[in-house]
Amino acid sequence: MPELPEVEVVRRGLASWVRGRTITGVEILDPRSVRRHAAGPEDLRGNLEGAVVTDVARRGKFLWMPLVEAAAASHGSAPASAASPSRVDDDGVPRLALMAHLGMSGQLLMEDPHLPDEKHLKVRLTLSPAVSGDGTPMPAELRFVDQRIFGGVFLTDLQPTPDGAPGGLSETGLPLIPEEAAHIARDPLDPAFSFDDFYARLRKRKTGIKRALLDQGLISGVGNIYADEALWAAKLHFARPTDTMRRADALRLVESARDVMTRALAAGGTSFDSLYVNVNGASGYFSRSLNAYGREGEPCPRCAALGLSTLIRRDSFMNRSSYSCPVCQPRPRNGRW
DNA sequence: CTACTATCCTGGAAGC
DNA sequence: TGCTTCCAGGATAGTA
């Protein structure tokens with residue numbers, strides 16, 4: 001399932017394929033994948049056709065593509081008709097974006113039109129012709145495929161960020177963000193991420209550290225897999241209380257999360273090169289590198305290196321599974337550490 | 001306000 | 001074999 005590294009791989013791949021191209025066709029094959037677009041599928045289709053994608057940005061696991069009208073993009077000025085005055089501001093900066101969230105099983109694929117539809121193809125965007133650096137034609141279709149329909153796409157307005165910093169990671173770094181992503185915290189790979197801010201907010205929470213790690217409003221990009229991996233690397237139990245957490249422990253945890261996600265990002269980037277066509281968070285291209293997640297009953301690698309034969313255990317937590325080493329990550333007692 | 005739970009979905013695996 | 005139940009989990013609406 002896509003977490004931050006997978007979404008970032010998709011973002012980078014998408015940016016190289018779609019920037020500057022016009023959306024010439026929109027086909028919505030399953031309205032459930034656009035249910036977050038309140039105005040309905042026809043409104044979505046009507047607004048997308050003729051729009052030019054200017055960038056691909058990411059905040060946490062949310063992706064968005066700022067859009068301008070084809071006329072504005074080619075002439076560098078607002079359209080005289082003003083049919084959609086909210087699309088760009090006075091400086092021609094896009095104020096409309098196509099939002100996408102991959103959810104559990106979503107994929108964004110660039111493909112040639114002659115390829116057969118995927119079983120769970122939900123939305124098909126046809127893009128204007130373009131060629132890559134070596135002169136070969138780029139694929140004409142951007143497909144949204146999603147088996148479990150937790151993800152989706154919809155249109156959203158872009159608003160200025162409170163601090164004037166880039167709203168998300170992207171090629172152009174516009175200081176804009178969709179309202180639906182404004183509450184999402186920076187992720188550990190974002191240059192604007194502040195550990196001091198994270199730690200101050202963490203200490204005010206009265207909950208367990210894993211629940212806090214999974215709270216995208218506190219720190220984003222961390223899902224169940226990388227939460228377990230970061231906790232294992234930092235030797236912390238998932239239930240450790242946040243309000244008494246030491247700074248050094250929190251710092252070690254964040255650096256562990258950053259480290260594991262950086263390595264996953266590198267693996268995703270090298271395994272599939274720029275052909276993110278094959279990006280599939282569930283394919284497990286990084287799974288061989290996992291130390292705790294999904295390894296119930298297998299030896300803890302760290303204990304094994306010390307000659308111990310501790311086995312990874314699985315606990316039910318938050319309606320999902322938590323994997324940990326009972327020796328490296330002892331359960332908190334009486335909330336005292 | 002904060003903390004936490006239920007819910008949305010599909011299909012593969014496990015259980016009987 | 002064939003049916004039923006369970007399980008995976010990101011984000012959010014709703015509840016306490």
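Below, chain A is the first sequence line, B the second, and so on; all start at residue 1.
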So that I can tick it off, tell me whether [Y] and [X] are bridged by a salt bridge, with the cut-off set at under 4.0 angstrom between side-chain N and carboxylate O.
{"X": "A:Asp187", "Y": "A:Arg59", "value": "no"}
{"X": "A:Lys210", "Y": "A:Asp228", "value": "yes"}
{"X": "A:Arg186", "Y": "A:Asp197", "value": "no"}
{"X": "A:Arg143", "Y": "A:Glu118", "value": "yes"}
{"X": "A:Arg313", "Y": "A:Asp315", "value": "yes"}
{"X": "A:Glu255", "Y": "A:Arg252", "value": "no"}
{"X": "A:Asp243", "Y": "A:Lys206", "value": "yes"}
{"X": "A:Asp259", "Y": "A:Arg263", "value": "yes"}

In this structure, how many angstroms lie between the [atom2] atom of [N] and the [atom1] atom of [X], rounded?
{"X": "A:Lys210", "N": "C:dG9", "atom1": "NZ", "atom2": "C1'", "value": "11 Å"}
{"X": "A:Asn319", "N": "C:dC6", "atom1": "CG", "atom2": "P", "value": "13 Å"}
{"X": "A:Met104", "N": "C:dT12", "atom1": "CE", "atom2": "P", "value": "16 Å"}
{"X": "A:Met318", "N": "B:dA6", "atom1": "CE", "atom2": "C1'", "value": "12 Å"}
{"X": "A:Tyr226", "N": "C:dA8", "atom1": "OH", "atom2": "P", "value": "18 Å"}
{"X": "A:Ile225", "N": "C:dG9", "atom1": "CD1", "atom2": "P", "value": "7 Å"}
{"X": "A:Glu180", "N": "C:dT12", "atom1": "CD", "atom2": "C1'", "value": "13 Å"}
{"X": "A:Leu214", "N": "B:dA3", "atom1": "CG", "atom2": "C1'", "value": "14 Å"}

Given [N], is OP1 or OP2 found less than 4.0 Å from the side-chain N or O atoms of [X]?
{"X": "A:Ser321", "N": "C:dA8", "value": "yes"}
{"X": "A:Lys61", "N": "C:dA11", "value": "yes"}
{"X": "A:Arg36", "N": "C:dA13", "value": "no"}
{"X": "A:Arg314", "N": "C:dA8", "value": "yes"}
{"X": "A:Arg211", "N": "B:dC4", "value": "yes"}

Side chain of A:Arg205 only, please: which of B:dC4, B:dA6, B:dA3 is the nearest?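 Side chain of A:Arg205 sits closest to B:dA3.
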Ignoring the backbone of A:His101, work out which of B:dT7, C:dA11, B:dA3 is nearest its side chain. C:dA11
ring-ring contact (aromatic ring centres under 6.0 Å, His included) partners of A:Phe238, counting only residues at least two apart: A:Phe317
Categorize A:Arg201 for me: base, sugar-phosphate, or nothing, with a 4.0 angstrom heavy-atom threshold over every strand shown. nothing
Row check, A:Trp64 ring normal vs A:Arg58 NZ/CZ: under 6.0 Å, within 45°: no
Find every protein N or O atom lying less than 3.5 Å from an N or O atom of nucleotides 8-11 of chain B, and list the pairs.
residue	atom	partner	partner atom	Å
B:dC9	OP1	A:Arg35	NH1	3.0
B:dT10	OP1	A:Arg32	NH1	2.7
B:dT10	OP1	A:Arg32	NH2	3.2
B:dG11	OP1	A:His120	NE2	2.9

Angle between terminal axes - the helix from B:dT2-C:dA16 to B:dC16-C:dG2, 5 pairs each end, rounded to 10°: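 Rounded value for the end-axis angle: 60°.
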